[in-house]
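One structure is given here, and the rest of the page talks about it.
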Amino acid sequence: MVELEMSPTSPEPADRPKFSLAWENLTYSVNVSKSKGGQKALVSEVNGMLQPGSALAVMGPSGCGKTTLLNLLADRMARKYEGSIYVNGKPRNPTFDWLCLLSEGRCAYFGKADASVNFFSGLNYKCPQYSNPADYFLTVINTDFEGHGDVDAITKSFSEGQQMKQLRDSIDAEKKNAEDKGSKTAGSQVRKFHANWIVQFIHLTKRNLLNSVINPGIYWVRIVMYFMLCIMMGSMYLGTNEDITKQMLVPLLFYCQAFLVFMAVAVLPFFMLQEPVFIRERSNGLIDVFPFVFSNFISALPGILLIAAMSSVLVVFMTDLTGFFGFFINLFLSLVCAESLMHVLSASTPHYIIAIALGAGFFGMFMLCEGFMVPRDTIPGWWIWAYYIAFHTYSSIFVRSPGRFLLDCLLLAHGTTINRTETIG
């Protein structure tokens with residue numbers, strides 16, 4: 001063996017880990033026929049060392065053991081070897097001591113890794129020489145590819161074999177040992193970590209707010225939609241347009257209260273994306289229902305507030321209406337009710353398409369029964385219940401038409417629709 005000092009073309013990073021490799025009295029033998037002595041040493045009492053930053057050239061005639069030595073150093077040999085291999089001056093430990101092989105949900109082997117070769121050899125699956133046993137075992141039990149072994153026979157042999165018996169005995173001994181030490185009682189006193197409601201609420205709210213900022217579909221796309229629609233409404237009912245009469249503003253108010261709120265259904269699919277996360281975390285005992293619901297409600301308020309404020313500014317000032325604060329509060333609370341309804345539908349339906357259809361149906365019923373289409377006093381008795389449950393009913397909007405007139409309209413909380421014009425100057 002010749003060790004050559006290499007001059008790297010570029011300096012190595014200072015933080016790159018460095019390893020030294022050494023081997024002492026390394027011997028590896030294979031079985032041969034008795035006429036040839038029974039065993040043949042492919043490598044016999046070989047010593048060597050490899051320092052960081054150097055290259056090792058292993059030279060010799062064909063069959064002298066060069067490949068065997070490299071396979072031993074790379075830990076690729078199925079058989080045991082004699083001697084010692086050191087990494088950074090410490091004995092090299094095996095990659096793992098125990099091995100568990102699963103195939104189609106069944107256990108094909110569980111036991112010591114060095115005993116797996118003999119187990120498969122006893123089933124006529126002998127690991128080829130110079131092959132990695134782990135790779136070979138996977139080709140035997142992997143039913144996704146052709147050429148695999150008889151998995152049924154392998155799993156049956158393991159479940160009825162000595163390895164399973166030893167495993168069961170070890171488990172029983174461990175259980176008995178635990179009972180003798182009283183660990184069973186101590187185990188019942190161990191409490192699983194569970195955060196209180198305040199901690200849950202804080203972390204869930206932070207996560208929801210971050211998702212609202214990162215995910216453009218939750219609020220940013222909706223903000224663009226509301227902006228464009230409000231610009232269109234404001235320019236349609238522009239305050240400088242003298243042809244716009246007071247009566248023409250009444251449909252504008254209904255449109256703002258009805259359709260701007262109806263657009264809340266667009267966020268429902270994103271609510272339903274949280275459902276599998278909630279189910280998983282709830283099943284693991286990490287969160288409770290109340291902090292989750294309350295966090296979703298609170299974290300939705302900033303986005304709703306931004307939408308309501310932007311829409312109110314555009315509509316009220318472009319159309320020269322008065323009562324900005326009332327318009328803003330009305331729209332904000334209506335959007336809160338609409339998104340709360342979407343939360344309920346998302347939790348009670350299996351698919352967002354069904355929830356969107358139900359939400360559209362509820363909003364259509366509310367708009368029809370809120371007292372604008374048909375005043376409350378003329379609503380048939382069998383539909384009056386819808387008037388009282390529709391949150392559109394409890395909205396009050398005060399607007400000022402261009403000029404010196406005050407227009408009170410849609411004062412539905414008092415049960416009647418008022419279209420009254422009074423001179424104030």
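A heavy-atom distance below 4.5 Å is not found between the side chains of Leu123 and Phe158. Using a 4.5 Å cut-off on side-chain heavy atoms (C-beta onward), Cys127 and Phe120 make no contact. A 4.5 Å side-chain heavy-atom check between Cys256 and Phe327 finds at least one atom pair inside the cut-off. For the pair Tyr28 and Leu69, the minimum side-chain heavy-atom distance is 4.5 Å or more. Residues Ile85 and Leu26 are in side-chain contact: their nearest non-hydrogen atoms beyond the backbone lie under 4.5 Å apart. When side chains are defined from C-beta on, Met236 does not count as touching Thr319, because their heavy atoms never get closer than 4.5 Å. In this structure, Thr143 and Ser103 have side chains that are in contact, with non-hydrogen atoms separated by less than 4.5 Å. Side-chain contact between Ile356 and Met342: absent, with no pair of heavy atoms (C-beta onward) separated by less than 4.5 Å.
The environment of CD1 in Ile198 is sparse: at most 12 heavy-atom neighbours from other residues, nucleotides or ligands sit within 6.0 Å. The 12-atom threshold is not exceeded at CE of Met232, counting heavy atoms of other residues, nucleotides or ligands nearer than 6.0 Å. Applying the 6.0 Å contact sphere to OH of Tyr237 captures more than 12 heavy atoms from other residues, nucleotides or ligands.
Atoms CG and CG, from Leu301 and Leu209 in turn, are 9.5 Å apart once rounded to the nearest 0.5 Å. Atom CZ of Arg168 sits about 8.0 Å away from atom OG of Ser159, to the nearest 0.5 Å. Put simply, NZ on Lys112 and OG on Ser116 are 12.5 Å apart, with the number rounded to the nearest 0.5 Å. Distance OG/Ser334 to CZ/Phe391: 6.5 Å, rounded to 0.5 Å. Between the CZ atom in Arg376 and the CD1 atom in Ile384 there is a gap of 6.5 Å [rounded to 0.5 Å]. A distance of 11.0 Å separates CG of Asp172 from NZ of Lys176, quoted to the nearest 0.5 Å.
In this view, Thr205 and Ser295 satisfy the side chain to side chain donor-acceptor pair (under 3.5 Å) rule, not counting sequence neighbours. Residues passing the salt bridge (Lys or Arg N to Asp or Glu O under 4.0 Å) test with Asp169 are Lys165, sequence neighbours excluded. For Phe119, the ring-ring contact (aromatic ring centres under 6.0 Å, His included) test picks out Tyr109, with sequence neighbours left out. Partners of Trp197 by ring-ring contact (aromatic ring centres under 6.0 Å, His included), not counting sequence neighbours, listed by chain and number: Phe290. For Asp150, there are no salt bridge (Lys or Arg N to Asp or Glu O under 4.0 Å) partners at least two apart in sequence or on another chain. Partners of Phe297 according to the ring-ring contact (aromatic ring centres under 6.0 Å, His included) rule, which considers only residues two or more places apart in sequence or in another chain, do not exist here. Applying the ring-ring contact (aromatic ring centres under 6.0 Å, His included) test to Phe278 and every residue at least two apart in sequence or in another chain returns Phe292. With sequence neighbours excluded, the residues forming a side chain to side chain donor-acceptor pair (under 3.5 Å) with Glu24 are Tyr86, listed by chain and number. With sequence neighbours excluded, the residues forming a side chain to side chain donor-acceptor pair (under 3.5 Å) with Gln274 are Asn208, Asn296, listed by chain and number. Annotation: side chain to side chain contact (heavy atoms under 4.5 Å, CB included) contacts of Met310 (sequence neighbours excluded): Ile223, Tyr226, Phe227, Leu314.
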Please walk me through it: do Arg282 and Val289 pass side-chain contact (heavy atoms from CB on, under 4.5 Å)?
CA-CA 8 Å; Arg282 174 66 175 163; Val289 176; 4.1 Å; yes
Given the rule in the ring pair (Phe, Tyr, Trp, His ring centres under 6.0 Å) test, do Phe317 and Phe324 qualify, once you have shown the distances and angles that lead to the verdict?
CA-CA 8 Å; Phe317 291 103; Phe324 170 81; 5.6 Å; yes
Would you check, one step at a time, whether the test side-chain contact (heavy atoms from CB on, under 4.5 Å) holds for Leu260 with Met233?
CA-CA 11 Å; Leu260 291 183; Met233 286 190 295; 4.0 Å; yes
Test side-chain contact (heavy atoms from CB on, under 4.5 Å) on His203 and Ile287; report intermediate values, then the result.
CA-CA 10 Å; His203 286 278; Ile287 61 175; over 6 Å; no
Verdict with reasoning, Gln166 to Gln162, per side-chain contact (heavy atoms from CB on, under 4.5 Å)
CA-CA 6 Å; Gln166 293 176 354; Gln162 187 67 21; 3.5 Å; yes
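Residue pairs meeting the salt bridge (charged side-chain N to carboxylate O under 4.0 Å, His left out) criterion with at least one member in residues 214-228, sequence neighbours excluded: Arg222-Glu339. Among residues at least two apart or in separate chains, salt bridge (charged side-chain N to carboxylate O under 4.0 Å, His left out) pairs with a member in residues 204-217 are Arg207-Glu281.
In this structure, Thr378 contributes its side chain and Val374 its backbone to no donor-acceptor pair below 3.5 Å. Remark: the backbone N or O of Phe110 is not paired with any side-chain donor or acceptor of Trp98 at under 3.5 angstrom. The backbone N or O of Ala300 sits less than 3.5 Å from a side-chain atom of Tyr219, completing a donor-acceptor pair. Remark: the backbone N or O of Pro291 is not paired with any side-chain donor or acceptor of Asp288 at under 3.5 angstrom. Side-chain atoms of Ser311 never come within 3.5 Å of backbone atoms of Ala308 as a donor-acceptor pair (strictly under, hydrogens ignored). Counting only distance, with no hydrogens or angles, the side chain of Asn330 and the backbone of Gly326 share no donor-acceptor pair below 3.5 Å.
Nearest approach of Met263 to Leu229, heavy atoms of both residues: SD-CD2, 3.6 Å. Heavy atoms only, all atoms of each residue included: Trp23 and Leu50 are closest at CZ3-N, 4.3 Å. Of all the heavy atoms in Met318 and Ser235, the pair that sits closest is CE-N, 3.5 Å. Listed here is the closest heavy atom pair of Thr155 and Ala108: CG2-CA, 4.0 Å. Here the closest heavy-atom approach between residue Asn215 and residue Trp220 is recorded as O-CD1, 4.0 Å. Heavy-atom minimum distance, Ile141 versus Leu102: CD1-O, 3.7 Å.
Between Phe363 and Phe366, the angle of the ring planes goes over 60°, which puts this pair in the perpendicular group of the 30/60° scheme.
Tested against Trp385 for a side chain to side chain contact (heavy atoms under 4.5 Å, CB included), the candidates Trp383, Tyr387, Trp382, Tyr388 yield a single pass: Trp383.
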